[in-house]
Peer 1: 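To start, I am sharing the structure in question, which I have written as structure tokens.
Letters go in sequence order (proteins before strands), and every chain restarts at 1. Just so it is clear, the values below take in all heavy atoms, side chains as well, and ignore hydrogens, waters and symmetry mates.
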Protein chains: 2
Amino acid sequence: MKVCSIGIGLIGGAFALALKEHYAKAEIWGMDSSTTHLQEAVELGIIKGVARMNQITDFDLVVISIPVDAIPAKVNEVLPLLNKNALVIDMGSTKKNICEQVENHPRRNQFLATHPIAGTEFSGPKASLSHLFEGALMIVCEAELTRKDLRKNIFEIFQQMGMQLQLMQAKAHDQHLAYVSHLSHISSFMLGKTVLDLEKDESEIFRLAGSGFASTVRLAKSNPTTWTSIFKENKAEVLKSLRAYQANLSLIEEALNNEDEEAVMQLLNSTSRIREIIK
Amino acid sequence: MKVCSIGIGLIGGAFALALKEHYAKAEIWGMDSSTTHLQEAVELGIIKGVARMNQITDFDLVVISIPVDAIPAKVNEVLPLLNKNALVIDMGSTKKNICEQVENHPRRNQFLATHPIAGTEFSGPKASLSHLFEGALMIVCEAELTRKDLRKNIFEIFQQMGMQLQLMQAKAHDQHLAYVSHLSHISSFMLGKTVLDLEKDESEIFRLAGSGFASTVRLAKSNPTTWTSIFKENKAEVLKSLRAYQANLSLIEEALNNEDEEAVMQLLNSTSRIREIIK
């Protein structure tokens, strides 16, 4: 199996490592806009070497893990060059736009839209871990539009890596992820900004910060390019969840301002189910 | 050393356990508004038995770890009953109000205001850990108002438990903690509420939630009574930090709404220092 990994950051790198671990004969080549990432990926043995777009026809599988706003153009660039028995998949965190952008492509059935629910706040090939996807949920959108034999092969690969497949419509994916992932990143980035804005003496505050602050602000270490592009691609759903969050913050602000203890207590209690849900 | 622990939840319980570990002869008795907590604390061997307010004079050290809005009254109730060589300390998460409330008490010099920067999202004596305070920062406010010999003894105890002492003015403490602790809890509680509000099918979202959501929402598992009382006691500073946070959320909302990628990128980049600060 000859694989081309377009984008070898955290996700692309981890997928390549997992492939090598489970398929000794897999030969993985890479492309990346960052020559530093390419060098690192070669040095770390993640990829065998650098591939070129005019060689795409030589590959059985092309894996695209680049900022989501660049994915549709890249998939449309790859599809016409693809060997007729090869598959291209993307691993972006948003799915609706990419699915719409390839909807009418004559080779649509050689594309599969995926999103592994895995990652860390770190980025680049150095952050890649071969076990990142083990036990992770792998969301696959509009799988029915992908050629059956190609779909069967890639599903086997995902399962081999220990992923649990979940089929989902692209729109539902983007709605759900806005709430459970994208909004968390906005709240964390802006919390970090607020504390940095308000505090002059950093060493002071951060000595005073317990583990609570560290966990709420952890996602603020995520890659700004990755996330700017996710927010852009999922604008409508992200804004919807952000406004709902702002409305809840206004409710507690008002309750605190009115010294309405009962209302504050009710607001805090309304999340008690989180205790059972997030163990 | 005979110690009375008023409030034996997570913090009071952990302090009692640490005392027993470092002072084999320490005899610890407890009071708590919850008879369940009292029973648990006795069964878990955290306290020897239940103490009564009319026995306070028998103790060398009284440790108050109850909801912060109840602390000033409790300290003022304990001080007159205290043996003249005994000390009462509180471990509340806010310090300005308690310091003001005891400011002019004739026995002010037998009180010490403290705040251990330690805790978890769990509560009750069952959540107590003897090592909770090991390596933790112990903030001590207005220590100069506490009698020198009593102060010296309790500082030795804190250091024996592995805590790092930091002297601080009460007002500065409350300002700093609003940003690095209280605001994190508000953002986490309201994030949890937003997701629970917006999603009907829970099992669905929470399967889709990665570790990012779990960490931003972790503090929403904290005790609502504890936190309602902290927000009330530190109202002015908490509102100040909350409004600064809301202003930053409005900035990113506006940038997303205007599809101003550069502005979004700038906002996300403004937190990059968090990467160096929170390892």
Peer 1: Working to the nearest 0.5 angstrom, can you tell me the gap between A:Leu191 CG and B:Leu183 CG?
Peer 2: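 CG of B:Leu183 is found 5.0 Å from CG of A:Leu191.
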Peer 1: Which heavy atom of A:Ser211 sits nearest to which heavy atom of B:Gly119, and what is that distance?
Peer 2: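 Scanning both residues, the minimum pair turns out to be OG-O, 4.3 Å.
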Peer 1: In terms of heavy-atom pairs under 4.5 Å with chain B, which of A:Met168, A:His115, A:His173 leads?
Peer 2: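 Of A:Met168, A:His115, A:His173, A:Met168 has the most heavy-atom pairs under 4.5 Å with chain B.
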Peer 1: Could you report the tightest heavy-atom contact between A:Tyr179 and B:Leu198, atom names first, then the distance?
Peer 2: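 Nearest heavy atoms, A:Tyr179 then B:Leu198: CE2-CD1, 3.5 Å.
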Peer 1: Go through the atoms of B:Thr120 and report whether side chain, backbone, both or neither lie under 4.5 Å from a heavy atom of chain A.
Peer 2: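 Looking at B:Thr120, nothing touches chain A.
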Peer 1: In terms of heavy-atom proximity below 4.5 Å to chain B, should A:Ser250 be classed as side chain, backbone, both, or neither?
Peer 2: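 Contact with chain B involves both backbone and side-chain atoms of A:Ser250.
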Peer 1: Passes side chain to side chain contact (heavy atoms under 4.5 Å, CB included), B:Val264 versus A:Trp227? Steps please.
Peer 2: CA-CA 9 Å; B:Val264 174; A:Trp227 284 94; over 6 Å; no
Peer 1: Taking A:Ser272, A:Ser188, A:Ser270 one by one, which has the highest count of heavy-atom pairs under 4.5 Å against chain B?
Peer 2: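 Ranked by heavy-atom pairs under 4.5 Å with chain B, first place is A:Ser270.
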Peer 1: Tell me, side chain or backbone of B:Ile117 under 4.5 Å from chain A's heavy atoms, or both, or neither?
Peer 2: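 Side chain of B:Ile117 only, per the 4.5 Å heavy-atom cut-off to chain A.
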Peer 1: Considering only heavy atoms, which portion of A:Leu249 lies under 4.5 Å from any heavy atom of chain B: side chain, backbone, both, or neither?
Peer 2: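 A:Leu249 touches chain B through backbone and side-chain heavy atoms alike.
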Peer 1: With a 4.5 angstrom heavy-atom cut-off, is it the side chain or the backbone of B:Leu267 that approaches chain A, or both, or neither?
Peer 2: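 Both parts, backbone and side chain.
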Peer 1: Does a side-chain heavy-atom distance below 4.5 Å link A:Thr228 with B:Glu262?
Peer 2: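 No, side chains not in contact.
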Peer 1: Please say whether more than 12 non-hydrogen atoms of neighbouring residues, nucleotides or ligands are located less than 6.0 Å from NZ in A:Lys96.
Peer 2: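 For A:Lys96, atom NZ is not crowded (no more than 12 foreign heavy atoms under 6.0 Å).
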Peer 1: For B:Leu256, which atoms come within 4.5 Å of any heavy atom of chain A: side chain, backbone, both, or neither?
Peer 2: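 Both backbone and side chain of B:Leu256 come within 4.5 Å of chain A.
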Peer 1: Measuring heavy-atom distances to chain B, does A:Glu121 have an atom under 4.5 Å in its side chain, in its backbone, in both, or in neither?
Peer 2: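 Contact with chain B involves no heavy atom of A:Glu121 at all.
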Peer 1: Hey, are the side chains of B:Lys193 and A:Ile252 touching, using non-hydrogen atoms and a 4.5 Å cut-off?
Peer 2: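 They are not in side-chain contact.
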Peer 1: Atom OG1 of B:Thr225 and atom CD of A:Glu261: how far apart are they, to the nearest 0.5 Å?
Peer 2: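 Output value for this atom pair is 10.0 Å.
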Peer 1: Taking the side chain from B:Lys232 and the backbone from A:Glu259, do they hold a donor-acceptor pair closer than 3.5 Å?
Peer 2: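 Side chain of B:Lys232 to backbone of A:Glu259, a donor-acceptor pair under 3.5 Å: no, none is there.
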Peer 1: Looking at A:Ser187, is its backbone amide N or carbonyl O close enough to the side chain of B:Tyr245 to form a donor-acceptor pair, meaning the two atoms are under 3.5 Å apart?
Peer 2: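 Such a contact is found between B:Tyr245 side chain and A:Ser187 backbone.
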Peer 1: Which region of A:Leu239, side chain (C-beta onward) or backbone (N, CA, C, O), has a non-hydrogen atom less than 4.5 Å from a non-hydrogen atom of chain B, or is it both or neither?
Peer 2: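 Side chain only.
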Peer 1: Between A:Asn257 and chain B, which part of the residue has a heavy atom less than 4.5 Å away: side chain, backbone, both or neither?
Peer 2: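 The answer is both parts of A:Asn257.
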Peer 1: Under a 4.5 Å heavy-atom cut-off, does chain A meet the side chain of B:Leu242, its backbone, both or neither?
Peer 2: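 For B:Leu242, the contact with chain A is made by the side chain alone.
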Peer 1: Under 4.5 Å from any heavy atom of chain A, what part of B:Arg275 do you find: side chain, backbone, both or neither?
Peer 2: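 Answer is both: backbone and side chain atoms of B:Arg275 are under 4.5 Å from chain A.
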Peer 1: Identify which part of B:Ser222 has an atom lying under 4.5 Å from any heavy atom of chain A, answering side chain, backbone, both or neither.
Peer 2: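 Answer is backbone: N, CA, C or O of B:Ser222 sit under 4.5 Å from chain A.
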Peer 1: CZ of A:Arg207 to CD1 of B:Ile139: how many Å apart, nearest 0.5 Å?
Peer 2: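 These two atoms lie 8.5 Å from each other.
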Peer 1: Using a cut-off of under 4.5 Å on heavy-atom pairs, state which of A:Gln164, A:His185, A:Lys221 scores highest against chain B.
Peer 2: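 The candidate making the most pairs under 4.5 Å is A:Lys221.
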Peer 1: Taking all atoms of both residues into account, what is the closest heavy-atom pair of B:Thr271 and A:Ala220, and its distance?
Peer 2: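 So the two residues come closest at OG1-O, 3.3 Å.
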Peer 1: Could you tell me whether the side chains of A:Ser184 and B:Thr216 share a donor-acceptor contact shorter than 3.5 Å?
Peer 2: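 The criterion, which ignores hydrogens and geometry beyond distance, is satisfied for B:Thr216 and A:Ser184.
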Peer 1: CZ/A:Phe189 to CD1/B:Ile274 distance, rounded to the nearest 0.5 angstrom?
Peer 2: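 If we round to the nearest 0.5 Å, A:Phe189:CZ and B:Ile274:CD1 are 10.5 Å apart.
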Peer 1: Please classify the contact of B:Lys235 with chain A as side chain, backbone, both or neither, using a heavy-atom distance under 4.5 Å.
Peer 2: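 Just the side chain, heavy atoms under 4.5 Å.
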Peer 1: At their closest point, which heavy atom of B:Pro224 faces which heavy atom of A:Asn269, and how far apart are they?
Peer 2: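 Here B:Pro224 and A:Asn269 meet closest at CG-OD1, 3.3 Å.
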Peer 1: Inspect the surroundings of NZ in A:Lys126 and state if more than 12 heavy atoms from other residues, nucleotides or ligands are less than 6.0 Å away.
Peer 2: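 Count not over threshold, so no.
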Peer 1: CZ of A:Arg218 to CZ of B:Arg218: how many Å apart, nearest 0.5 Å?
Peer 2: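 A:Arg218 CZ to B:Arg218 CZ: 10.5 Å, rounded to 0.5 Å.
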Peer 1: If you count heavy-atom pairs under 4.5 Å between each of A:Val238, A:Leu177, A:Leu219 and chain B, which one has the most?
Peer 2: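 So the answer, after comparing A:Val238, A:Leu177, A:Leu219, is A:Leu219.
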Peer 1: Work out which heavy atom in A:Phe213 is nearest to a heavy atom in B:Val180; give both atom names and the distance.
Peer 2: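 Of all heavy-atom pairs spanning A:Phe213 and B:Val180, the closest is CB-O, 3.1 Å.
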Peer 1: If you apply the rule side chain to side chain contact (heavy atoms under 4.5 Å, CB included), what do you find for A:Leu196 with B:Ile277, and how did you get there?
Peer 2: CA-CA 11 Å; A:Leu196 290 169; B:Ile277 296 160; 4.0 Å; yes
Peer 1: Can you confirm whether the side chains of A:Gln246 and B:Gln246 place a donor and an acceptor under 3.5 Å from each other?
Peer 2: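 On atom types as modelled, these side chains do not qualify, holding no pair under 3.5 Å.
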